[in-house]
Amino acid sequence: MMGEQMNRKRIVLIDGNSMIANAFYGMPSNAADAVIRLIKGILERREADYLAITFSAEDGGGTLTEKALLQQKERLKELSDSLSISVLSEKGYESAELLASLAKSCETEGGDIQIISEDKRLLQLVRDHVTVHIPSMGEEGLVLKSYSPADIEGEFGLEPVKLKGVFSLTKANGIGEKTACQLIKQYESIKNLFDHLEEVESLRIKEILKATEKEIKEEEKRNTLRDDCSLRLDDSNSISEAEIRQIMDMDFVPADFPDEENQESLEDFPVHLVTDFSEAETIFSKCLPDSRLGLHLVIEDKAITALSLCLGQAQCYCIIPQGFLTSEYLAGKAEEISKKAGHVTVLDLKSQLPFLKLEAGSPVFDAGVAAYLLNPLKDSYAYYDLAADYLDMTIPSRADLIGKSSIGRALEEKRDAAVSCIGYMSYVAYRCGEVLPEELKKNGMDTLFYEIELPLIYSLYSMESAGIKVERDRLKEYGDRLKVRIMELEQKIYEETGETFNINSPKQLGEILFDHMKIPGGKKTKTGYSTAADVLEKLAPDYPVVNLILDYRQLTKLKSTYADGLAAYIGPDERIHGTFNQTITATGRISSTEPNLQNIPVRMELGREIRKVFVPKEGCVFVDADYSQIELRVLAHMSGDQRLINAYKQAEDIHAITASEVFHVPLNEVTSLQRRNAKAVNFGIVYGISSFGLSEGLSITRKEASEYIEKYFETYPGVKKFLDGLVAEAKEKGYAVSMFGRRRPVPELKSSNFMQRNFGERVAMNSPIQGTAADIMKIAMIRVDQALKKQGLKSRIVLQIHDELLIETYRDELEQVKELLTEEMKHAADLLVSLEVEANVGESWFDAK
DNA sequence: ACTATCACG
DNA sequence: ACGTACGTGATAGTC
């Protein structure tokens with residue numbers, strides 16, 4: 001039937017039942033039309049040679065019980081008929097089973113099958129020429145998520161055929177998808193799992209399995225899809241070009257299903273697609289020393305997928321590797337033109353440096369970082385956000401154009417959309433290169449940008465490239481040790497509470513503690529009882545089991561986030577190369593992701609141990625340096641409070657001195673309690689003081705807390721005046737400002753909501769302090785990084801943790817590095833109080849702290 | 001996707 | 001009367 005073509009016939013099968021149900025959710029009144037629109041989209045894009053829609057023969061016992069739903073189903077059948085789209089069903093078979101049968105027969109006959117259904121059970125069918133698309137709600141409305149065998153492997157870690165077991169297990173209350181995948185990975189099938197039930201390590205899981213064995217096995221039957229129906233596709237199911245045209249001509253509901261529909265803007269925005277070598281050569285030859293470029297390399301899997309280049313309003317190119325025009329050639333050319341051109345603007349310089357290989361000081365402008373300075377509160381600085389904010393243009397977003405697909409894939413499947421998406425990138429960069437420098441200047445942030453943020457990009461890139469060495473085996477041992485103790489604690493907790501439950505579930509834990517065990521003082525949150533550490537700690541003296549739970553929490557946190565979490569990021573070079581983000585925080589700090597290397601445990605002994613696996617490479621040691629109370633010193637400087645400044649001039653222990661001055665006792669008579677209180681007040685000041693916050697932090701009454709604050713302000717009147725001034729300034733201007741001109745908008749100050757406004761005031765007090773400290777650290781980082789390179793040293797900064805820098809130091813460079821690091825940090829800013837730096841040397845991060 | 005929790009400065 | 005300390009990111013559970 002499929003003919004003897006070389007190319008596989010493209011067969012699209014739509015699960016009428018489940019798609020109706022899915023569309024019904026969003027728009028009950030015209031669910032059928034939504035499905036028809038989806039079909040029209042497929043036909044319009046010429047994505048199918050054969051198309052059919054399937055329905056279960058029986059309705060009654062199935063899921064389609066609601067009347068309205070049934071109506072929609074009938075309407076969909078009618079509409080399909082009128083468009084001569086094949087409607088298939090067979091007695092005794094569910095819709096999903098028809099799909100399974102058809103996929104099987106078509107696949108053996110050499111078809112390429114796309115199944116569209118909301119029924120996850122169909123994922124079992126995925127194989128080389130069978131793709132399943134599952135609709136889900138994305139940011140931009142409904143999107144189809146596609147599953148190839150590799151996608152299944154990536155998401156579940158299993159072959160598609162084994163998914164049945166996973167789906168059956170997750171029906172049991174208490175087993176999540178992750179656990180289910182792990183069990184199936186280990187035991188292959190449900191049957192084998194129950195045959196080896198005694199081997200299951202977790203007592204809790206074992207209990208659940210025993211209790212729900214029957215349900216699970218029944219569920220497995222439901223998840224077993226028959227694929228033996230007699231229906232076959234034949235030429236009556238094929239779609240001819242004439243038929244498509246006819247369908248398209250039929251007046252029908254406007255398409256608001258995903259994809260497409262954005263090409264009209266191509267009219268006034270021409271992107272020239274270039275795939276020809278000599279044409280590319282001609283374009284590159286136009287990049288001269290007096291040129292200004294907008295440039296963006298699309299980098300996927302460490303190779304260039306596309307080069308977007310803009311030389312002027314009407315000269316925007318999307319250059320794609322093809323034939324002689326290789327990805328490697330484009331890489332070389334990109335580097336060459338970016339070095340030759342008089343000025344280059346990019347959207348995100350750090351991401352481009354692996355290919356552009358520029359050095360600090362190059363005439364490059366980073367539009368994303370500039371936009372971040374202009375408004376650090378945005379959550380994206382993508383091309384369409386920049387266009388909307390600074391070019392007064394509304395252009396389709398990447399998701400509008402190509403959904404969640406990679407650019408590389410979109411170039412194959414949705415060429416036009418991908419080309420405009422790529423084109424926009426350099427176009428927006430180019431235009432931002434005209435607008436944003438002016439904008440920065442107007443807002444007094446040009447020095448901040450050119451002297452700090454721009455050079456910092458290179459230092460962050462250097463730090464990411466360096467990465468940090470982590471001892472894989474030792475980390476594994478650490479995780480294994482935790483596992484043993486976790487399982488012991490788990491047992492004890494089950495014994496003490498007399499129940500077997502998921503300790504990680506705050507819901508279950510709260511019910512066990514406060515309902516079953518009737519422990520008093522259960523504080524309710526929105527969703528139930530709070531089981532947060534500070535709540536449990538208060539119960540610990542009376543209920544020993546609570547201590548076990550706290551220990552369990554600590555250990556599982558260490559295991560999942562750190563032992564297992566970090567292990568997943570160790571590369572083939574034995575190092576972790578995290579990402580340091582420059583455009584995330586509201587205050588100007590950098591942030592760290594994948595993994596977060598700025599929250600590695602240190603406060604608790606057991607957690608701190610993790611730092612032993614962070615080690616310098618052969619021939620190196622770590623030098624770690626951190627600022628001592630940089631934020632309080634910034635406060636002393638910015639407020640100009642003479643007494644606080646004097647305190648720092650003599651200071652050994654600032655918290656003790658504060659206590660001495662605030663409580664009017666000689667320094668050597670300050671009690672540890674007084675010191676602790678003074679320390680909390682110091683923190684409170686930096687956070688934007690409030691008596692409520694302080695009382696929480698110190699477990700004292702609000703009244704006592706306000707007294708402390710009052711005394712503090714009496715002692716340091718300059719600080720009070722300064723903080724009041726910050727709030728007033730932020731109210732007037734609408735933003736708070738750091739010493740180096742960094743701004744943080746504080747719209748909350750205008751809020752009519754008391755709580756919001758209060759928050760705004762604290763932000764107005766905290767942001768300039770936290771922001772100035774961040775500025776100073778950035779200056780230090782740049783200088784240290786540049787000094788290392790200028791002096792020809794091989795040592796490199798490997799981590800920044802807000803007030804701390806870690807340098808992997810070659811042993812023969814140790815003295816020089818120690819000196820340079822502390823000196824640059826101390827002198828990064830000239831304040832009324834000195835900046836003090838503590839430096840340590842060690843064979844691991846643990847040792848160097 | 002959202003909430004609760006907890007790791008860091 | 002109101003009811004939170006400032007700034008982050010990852011994980012697990014729940015819906």
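Chain letters run A, B, ... following the sequence lines, proteins first, then strands; residues in each count from 1.
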Practice problem: Identify the heavy atoms of A:Arg121 and A:Phe167 that sit nearest to each other, and give their distance. | Solution: CA-CE1, 4.0 Å
Practice problem: If C:dA1 has a Watson-Crick or G-U wobble mate with both distances under 3.5 Å, name it; if not, just say none. | Solution: none
Quiz item: Could you state the OH-P distance from A:Tyr552 to B:dT5, rounded to the nearest angstrom?
Solution: 15 Å
Quiz item: Which letter, B, S or -, goes with each nucleotide of nucleotides 4-11 of chain C from 5' to 3', with contact meaning a protein heavy atom under 4.0 Å?
Solution: BBBBSBBS
Self-check item: Smallest separation among heavy atoms of A:Ala764 and A:Leu749, with atom names
Solution: CB-CD1, 4.4 Å
Self-check item: Nearest non-hydrogen partners of A:Gln598 and A:Asn596, listed with the distance
Solution: N-OD1, 2.7 Å
Quiz item: Hey, does A:Ala533 reach any base, or is it just sugar-phosphate, or nothing, if we go heavy atoms under 4.0 Å?
Solution: sugar-phosphate
Quiz item: Looking across every strand, which nucleic acid part, if any, lies under 4.0 Å from A:Thr556 by heavy atom: base, sugar-phosphate, or nothing?
Solution: nothing
Self-check item: Any donor-acceptor pair under 3.5 Å from A:Gln508 side chain to A:Asn502 backbone
Solution: yes
Quiz prompt | Atom pair distance, as rounded to whole Å: CD1 in A:Ile769 and C1' in B:dG9 | solution = 15 Å
Practice problem: Would you mind classifying the nucleic acid contact of A:Ile600 as base, sugar-phosphate or nothing, using non-hydrogen atoms under 4.0 angstrom? | Solution: sugar-phosphate
Quiz prompt | Separation of B:dC8 P from A:Ile590 CD1 (nearest whole Å) | solution = 18 Å
Exercise. For A:Leu632 and B:dG9, give me the distance from atom CG to atom C1', rounded to whole Å.
Key: 13 Å
Quiz prompt | Atom-to-atom span, OH of A:Tyr627 to P of B:dG9 - whole angstrom | solution = 16 Å
Quiz item: When the P atoms of C:dT4 and B:dT3 are considered, how many whole Å apart are they?
Solution: 15 Å
Practice problem: Look at the aromatic rings of A:Tyr529 and A:Phe514 and report parallel, tilted or perpendicular, splitting at 30° and 60°. | Solution: tilted
Quiz prompt | Test log, rule side-chain hydrogen bond (donor to acceptor under 3.5 Å, both in side chains), inputs A:Glu704 and A:Tyr708 | solution = CA-CA 6 Å; A:Glu704 288 169 304; A:Tyr708 285 171; 5.7 Å; no
Quiz item: So what does A:Thr531 touch, heavy atoms closer than 4.0 Å: a base, only the sugar-phosphate, or nothing?
Solution: sugar-phosphate
Quiz item: Rounded to whole angstrom units, what separation is found between the CG atom of A:Asn504 and the P atom of B:dC6?
Solution: 11 Å
Quiz prompt | Whole-angstrom distance between C:dC2 and B:dA7, as gauged at atom P | solution = 32 Å
Quiz item: In whole angstrom, what separates A:Asn682's CG from B:dG9's C1'?
Solution: 16 Å
Quiz item: Is it true that atom CZ of A:Arg575 has more than 12 heavy atoms of other residues, nucleotides or ligands lying nearer than 6.0 Å?
Solution: yes
Practice problem: Using heavy atoms and a sub-4.0 Å distance, could you list which residues of residues 601-615 of chain A are near DNA chain B? By number, please. | Solution: A:Pro601, A:Val602, A:Arg603
Quiz item: Is atom CD of A:Glu696 surrounded by more than 12 heavy atoms (other residues, nucleotides or ligands) closer than 6.0 Å?
Solution: no
Practice problem: Please say whether more than 12 non-hydrogen atoms of neighbouring residues, nucleotides or ligands are located less than 6.0 Å from CG in A:Asp379. | Solution: no
Quiz item: Looking at A:Gln756, does any N or O in its side chain come under 4.0 Å of the phosphate oxygens OP1/OP2 on C:dC2?
Solution: no
Quiz item: Roughly how many Å is it from CD in A:Glu761 to C1' in C:dC2, rounded to a whole number?
Solution: 14 Å
Self-check item: Salt bridge A:Glu453-A:Arg742, side-chain N to carboxylate O under 4.0 Å
Solution: yes
